[in-house]
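Structure record follows, encoded as structure tokens.
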Amino acid sequence: MSRKNVRWCDDATLSKDINGKVYIVTGANSGVGLETTRQLVKQGGHVVMACRRVEAGEEEARSFAGLKGSFEVMKMDLAHLQSVRDFVDAFLKRHDRLDGLMCNAGLVVMGNSARYTQDGLEETIAVSFFGHFLLTELLLDVIKKSAPSRIGMVSSVVHAGSPANRPQVHLDDLNYKNRKYNAFAAYAEAKVASVLYAMELGERLKGSGVTAASIHPGWARSNFGGNGLLMKAMRVLTFPLRPFLTDSNEESAQTSLHVLLSDDAPNHSGAYFSQSSVLYRDKNCRDGGWPMDSPNPNAKDMETAKKLMAISSEIVGLEQPRTESGES
Ligand SMILES: NC(=O)c1ccc[n+]([C@@H]2O[C@H](COP(=O)([O-])OP(=O)(O)OC[C@H]3O[C@@H](n4cnc5c(N)ncnc54)[C@H](OP(=O)(O)O)[C@@H]3O)[C@@H](O)[C@H]2O)c1
């Protein structure tokens, strides 16, 4: 059973022949990433499934047997910056093109205390944003060489907050070193960062043939949140209403597929694309939009986006993001 107003890609998008094109999908072994991957392989693409658990990726990928395209599973743990660098080195040894990058993986570290990665980063933002930031910046040359090409950042409705409380990035303390940790706030902040990054990439890559977008996939019946007590309780409580509120993983993959494959998405580089979603606190946003205007002004401020890129470059050990003219 499907919600009434789910957005689906049109037939032209879902029947495009993408034979010969190469894609990377992070978190491709589960939920939205798995279904995004399945459709790309179905349409003839080659998908590099970037997974922290290679065996889980290989297990899931067995279900792709008989599809037109191809895939490979490669190890990448977004919580470890060196793992991201190793992944990029290995990818570039095997491939000389990248037509689409979908930064899909994400998690929320539940509880009242922050968890830190071995790089000293708060794990929710490390996985959802810093790891993807490093990955994208390291792959930009091959993405540009493959233009027209596309980049997607999976964000969340949560980035929008409510009229009374709009999440924002705390540029002075992105890693919760001097604030009390709050799991939902940390997740929302990481997802604001993803929206800002796509917007900044849209501007930085103007004229290069590379386009970028951020995405809310919908309320997916995925493995998100794991099997902790809170998530289990939420699943039980919402069980009778799930078909009316939530989306299958295939439905939740539609916005990512629209961003990667549709003819129209490149006309809106830098924009936010959203599945319809009952989770928006602003009622007027609930129909979603491809693209749609985020109700959160903190996710649309280019000056903040540029500062975030500069600070993030330092945090992940990169030079400042380069402009199209090569200046830093
Ligand atoms: N579910 C929703 O309703 C919803 C709503 C809005 C946005 N989103 C976003 O949608 C995206 C996909 O989530 P989903 O719903 O499909 O959840 P999911 O089924 O839990 O998939 C998340 C994926 O991220 C991977 N991942 C987690 N930590 C990682 C790390 N350190 N390195 C590499 N990969 C890592 C997971 O790998 P493992 O299997 O190894 O854990 C898994 O493959 C996420 O960015 C999420 O924030 C989801």
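In listed order, ligands and their atoms are each counted from 1. This one's a predicted model, so the numbers in the text were calculated from it and none came from an experiment.
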Under the side-chain hydrogen bond (donor to acceptor under 3.5 Å, both in side chains) rule, what do Ser274 and Tyr280 come out as? Steps first, then yes or no, please. CA-CA 11 Å; Ser274 176; Tyr280 281 105; 2.7 Å; yes
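- Selection from Ser83, Ser156, Gly218 by nearest heavy atom to atom 4 (C) of ligand 1 gives Gly218.
- Here atom 18 (P) of ligand 1 lies nearest to Ser30 when heavy atoms of Gly31, Gly27, Ser30 are compared.
- Residue contacts with ligand 1 include Lys191, since one or more of its heavy atoms lies under 4.0 Å from the ligand.
- Near Ser155, the atoms of ligand 1 lying under 4.0 angstrom from a non-hydrogen atom of the residue are 7 (C), 9 (C).
- Here the heavy atom of the protein found nearest to atom 13 (O) of ligand 1 is Phe224 CD1, 4.0 Å.
- Among protein heavy atoms, atom 48 (C) of ligand 1 sits closest to Pro217 CG, 4.0 Å.
- With Ala105, Ala28, Ser222 as candidates, the residue nearest to atom 24 (O) of ligand 1 on a non-hydrogen basis is Ala105.
- Regarding atom 2 (C) of ligand 1, its nearest protein heavy-atom neighbour is Ala220 N, 3.4 Å.
- If you check which protein heavy atom lies closest to atom 32 (N) of ligand 1, you get Leu78 N, 2.8 Å.
- Shown here is Asp89, whose CG atom has more than 12 heavy atoms of other residues, nucleotides or ligands within 6.0 Å.
- Here the heavy atom of the protein found nearest to atom 43 (O) of ligand 1 is Asn29 OD1, 2.7 Å.
- Note that the CG atom of Leu121 and the NZ atom of Lys177 stand 7.0 Å from one another [nearest 0.5 Å].
- Side-chain contact of Glu122 with Thr124: a donor-acceptor pair under 3.5 Å is present, judged by distance alone.
- Atom CD of residue Glu189 and atom CZ of residue Phe184 lie 15.0 Å apart, to the nearest 0.5 angstrom.
- Not a single heavy atom of Val157 sits closer than 4.0 Å to an atom of ligand 1.
- Annotation for ligand 1: atoms under 4.0 Å from non-hydrogen atoms of Met76 are 32 (N), 33 (C).
- For atom 16 (O) of ligand 1, the closest non-hydrogen atom of the protein is Val32 N, 2.9 Å.
- Ligand-side atoms of ligand 1 in range of Ala79: 31 (N), range being under 4.0 angstrom from any heavy atom.
- Note that CZ of Arg150 and CD1 of Ile143 are 13.0 Å apart. Values are rounded to the nearest 0.5 Å.
- Atoms of ligand 1 lying under 4.0 Å from at least one heavy atom of Gly106, given by number and element, are 22 (C), 24 (O), 27 (C), 44 (C), 45 (O).
- Under the 4.0 Å criterion applied to side-chain N and carboxylate O atoms, Arg38 and Glu35 are assigned as salt-bridge partners.
- Classified by interplanar angle (parallel below 30°, tilted 30° to 60°, perpendicular above 60°), the ring pair Tyr272/His159 is perpendicular.
- The option from Tyr187, Trp219, Phe87 that lies nearest to atom 46 (C) of ligand 1, judged by heavy atoms, is Tyr187.
- Within 6.0 Å of atom CZ in Arg281, 12 or fewer heavy atoms from other residues, nucleotides or ligands are found, so the atom counts as exposed in its surroundings.
- Of the protein's non-hydrogen atoms, Val154 CG1, 3.7 Å is the one closest to atom 9 (C) of ligand 1.
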Is there a side-chain hydrogen bond (donor to acceptor under 3.5 Å, both in side chains) between Ser277 and Trp219 once you walk through the steps? CA-CA 7 Å; Ser277 185; Trp219 187 353; over 6 Å; no
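- Atom CG of Asn112 has 12 or fewer heavy atoms from other residues, nucleotides or ligands within 6.0 Å.
- Counting atoms of ligand 1 from 1 in the listed order, those under 4.0 Å from a heavy atom of Arg53 are 38 (P), 39 (O), 40 (O).
- Listed by atom number, the atoms of ligand 1 under 4.0 Å from Asp77 heavy atoms are 30 (C), 31 (N), 32 (N).
- Taking every non-hydrogen atom of Val127 and a distance limit under 4.0 Å, the qualifying atoms of ligand 1 come out as 28 (N), 29 (C), 30 (C), 31 (N).
- Using a 4.5 Å cut-off on side-chain heavy atoms (C-beta onward), Glu203 and Lys306 make contact.
- For atom 44 (C) of ligand 1, the candidate residues are Asn223, Thr246, Asn104; the nearest heavy-atom contact is made by Asn104.
- Aromatic ring pairs are classed by plane angle as parallel below 30°, tilted from 30° to 60° and perpendicular above 60°; the pair Tyr197 and Phe129 is perpendicular.
- Ranking the protein heavy atoms by distance from atom 28 (N) of ligand 1 puts Arg52 CZ, 3.4 Å first.
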